[in-house]
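One structure below.
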Amino acid sequence: MRAPPPLPAVAMVTAAARKTVQKGRLMDFTSTVLIPLLFGSVGIFALFRLLQWMRMRAYLQEAVVVITGATSGLGKECAKAFHAAGCKLVLCGRDSEKLQDMVQQLSTVTNHRKKTHKPHTVVFDLSDTKTVLNAAEEILKYLGHVDILINNAGISFRGTIVDTGLDVDRKVMETNYFGPIALTKALLPSMIKRRQGHIVAISSVQGKISIPFRSAYAASKHATQAFFDCLRAEVEQYDIDVTVISPGYIQTNLSLNAVTADGSRYGVMDKNTAEGQTAAEVAQVVLNAVGQKKKEVLVAGLTPSLAVYLRNLCPRLFFSLMAERAKKERKAKAS
């Protein structure tokens, strides 16, 4: 077979010239269109974030913020974060001495960029509705109004349903559900009157899914999720914001202080809790969520987040996994 005849020199030059022209056009398009577009997009995004930060700073500066469970764990870190943001804090808890210690800690922190305020404290027990109502009256009497309410205080639970007394279920519900909604209802009329306010509920991933041997806790958080979802819809007409934060495992004493089936203290630091996010990290998420007026935030690792979606998309598989988890936990306790 004969080899094809070589291309004429003119044809080769023409093809090379065409490639050069195409390459030049591509470079011109990149330099005149793509690069300016890329830098423009980055600039717009940076401007958006700057405006967002400025709005958040203005929103939080001088705001009256009530935080329950402010002496430990996530509540303590939220107090630090919101104090640093220039908020006027009302720290709430059961232990007067611990609250005063917290005030002392915050008073020693200086912020040269923002004016900070000495926190006010209110002592009450969330599980006692009467003291909750009295606390709300004291807060309004002292400061006149509340801009942001952070319902953070809570108690966890470990135990089997069959062995748990109804008084234990009630104790968990009183602290995690009835207490927060009593405080919310007591402060809500003043927010409606001012047509201004922000209510935050620190719920849990277990407000969206339920895992074995956490029945009372999961039930209280499911109730919390439902109540504040309803509240969000009802108070939107008054320009009141509602944010539900659903953390996964946080490095706090929540499992240590959990109640068991007979009402006694659990006293064990769970592995998942010990390996969870730090309370300071989650507190920053809460601060940003409030500043950006987000309606809901899930603060969890990959596995808990996937479990939330699995519960909705493939419930049978989720139920099977939970049953298997229950078997493993029973076996671990028996050994």
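Computed over heavy atoms, backbone and side chain alike; hydrogens, waters and symmetry mates excluded.
- Asn152 places a side-chain N or O within 3.5 Å of a backbone atom of Thr68 that can act as its donor or acceptor partner.
- Listed for the Glu77 side chain is no donor-acceptor partner under 3.5 Å among the backbone atoms of Ala279.
- Side chain of Thr116 to main chain of Gly86: no donor-acceptor pair is present (N/O by atom type, distance under 3.5 Å, no hydrogens or angles).
- The closest side-chain heavy-atom distance from Gln206 to Tyr217 is below 4.5 Å.
- Hydrophobic cluster membership is shared by Leu140 and Val122, with clusters built from Ile, Leu, Val, Met, Phe, Trp and Tyr side chains linked at under 4.5 angstrom.
- Residue Val200 is tested with Ile245, Leu149, Asn151 for a side-chain contact (heavy atoms from CB on, under 4.5 Å); the sole match is Ile245.
- Residues Thr121 and Gln100 bring a donor and an acceptor atom of their side chains to less than 3.5 Å of each other.
- In this structure a side-chain-to-backbone donor-acceptor pair under 3.5 Å is present from His83 to His117.
- Annotation: salt bridge (Lys or Arg N to Asp or Glu O under 4.0 Å) contacts involving residues 256-265, sequence neighbours excluded, are absent.
- Shortest non-hydrogen contact noted between Ser246 and Lys208 is OG-CE, 3.7 Å.
- Side-chain contact check for Asp95 versus Val123: every heavy-atom pair is 4.5 Å or farther apart.
- Among the candidates Thr260, Asp270, Thr164, the single residue satisfying the side chain to side chain donor-acceptor pair (under 3.5 Å) test with Arg158 is Asp270.
- Ser305 contributes a side-chain N or O that, together with a main-chain N or O of Gly301, makes up a donor-acceptor pair within less than 3.5 Å.
- Phe213 carries Lys333 over the face of its six-membered ring, with the cationic atom under 6.0 Å from the centre and within 45° of the normal.
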